[in-house]
Amino acid sequence: MAILEILEYPDPRLRTKAQPVAEVDERVRNIVDDMFDTMYQAPGIGLAATQVNVHERIITIDISEDKSEPLTFINPEITVLEGEPETMQEGCLSVPGFYEEVTRIEHCLVKATGRDGKPFELECRGLLAVCIQHEVDHLEGKLMVDYISPLKRNRIKGKLEKKHKLEARQGK
Ligand code: GNR
Ligand code: NI
């Protein structure tokens, strides 16, 4: 297992649309396992394969306190269920250090294939619902910053570009 590098905004590779997974085989299970390692060590509550430069429809999530509820979603499909939209402060490992309000569906149904290759359905609310929508956005090349004003977005872009230049100079 391995810790993978997480791409950071405004890296253009984060805009890639991920392709469906044809079969859950050893190769895919390895990606999933590396994604959990990477997500837990970050630490984050979710990770989309896009963020580690793998452009396939794979998501890992664990919103538990003690890393006890790992969820794998391969080829996820979200259906909206009734309920009020909800606004929450979101963070993103690809936009480190920034927290922005995003309004999303509060209640949804997710159909996906698990790490075991079996299809499943999961009704999601609250943080889990927010997280799965945030991750499916990544698979579409969409980021949290796309929901905020261009002014705020550009300010974040400038700050992260500055940080990346500094890191490059320090050989990080
Ligand atoms: O770790 C994460 N926390 C988080 C908090 C609120 C809403 C969404 C998230 S997802 C984020 C990890 C991440 O960037 N996933 O793509
Ligand atoms: Ni994210």
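Values in this document were obtained by computation on a predicted structure and should not be read as measured data. Computed over heavy atoms, backbone and side chain alike; hydrogens, waters and symmetry mates excluded. Counting convention: from 1, in listed order, for ligands and their atoms alike.
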Does Met88 have a non-hydrogen atom less than 4.0 Å from ligand 1? yes

Does Glu84 CD have over 12 foreign heavy atoms under 6.0 Å away? no

Closest to atom 9 (C) of ligand 1 (judged by heavy-atom distance), picking from Pro96, Gly91, Ala42: Gly91

Heavy-atom pair of closest approach, residues Pro76 and Val110: CB-CG1, 4.2 Å

Would Glu90 count as a polar contact of ligand 1, with the cut-off being nitrogen or oxygen pairs under 3.5 Å? no

If you measure every N/O of Ile45 against every N/O of ligand 1, is any gap under 3.5 Å? yes

What are the two closest heavy atoms between Thr60 and Val32, and how far apart are they? CG2-O, 4.0 Å

Take His55 and Gln19, measure what side chain to side chain donor-acceptor pair (under 3.5 Å) needs, and give me the verdict at the end. CA-CA 6 Å; His55 301 288; Gln19 296 304 309; over 6 Å; no

Would you mind running through ligand 1 and noting each atom that sits below 4.0 Å from a heavy atom of Cys92? 14 (O)

For Phe120, does the CZ atom have more than 12 heavy-atom neighbours from other residues, nucleotides or ligands under 6.0 Å away? yes

For ligand 1, which atoms sit closer than 4.0 Å to a heavy atom of His138? 16 (O)

If you take all heavy atoms of Ile6 and Ala42, which pair is closest and at what distance? CD1-CB, 4.4 Å

Test your reading of the structure: does Ser94 have an N or O sitting under 3.5 Å from an N or O of ligand 1? no

Give the atoms of ligand 1, by number and element, whose distance to some non-hydrogen atom of Gln51 is under 4.0 Å. 13 (C), 14 (O), 15 (N), 16 (O)

What protein heavy atom lies closest to atom 14 (O) of ligand 1? Include the residue and the distance to one decimal. Leu93 N, 2.8 Å

Pick from Gly44, Gly46, Cys131: the one approaching atom 12 (C) of ligand 1 most closely through a non-hydrogen atom: Gly46

Check this for me - ligand 1, Gln89, N or O atoms closer than 3.5 angstrom, yes or no? no

Distance to the ring centre below 6.0 angstrom and angle to the axis at most 45 degrees; does that hold for Lys152 and Phe98? no

Go through the steps to decide whether Lys163 and Glu167 satisfy the test side-chain contact (heavy atoms from CB on, under 4.5 Å), and finish with yes or no. CA-CA 6 Å; Lys163 167 176 140 12; Glu167 286 170 353; 3.0 Å; yes

Can you check the angle at the Ni ion (ligand 2) formed by NE2 of His134 and NE2 of His138? Round it to the nearest 10°. 100°

Can you confirm whether Leu160 sits close enough to Val95 that some side-chain heavy atom of one is under 4.5 Å from a side-chain heavy atom of the other? yes

Give me the residue, atom name and distance of the protein heavy atom closest to atom 15 (N) of ligand 1. Glu135 OE2, 2.7 Å

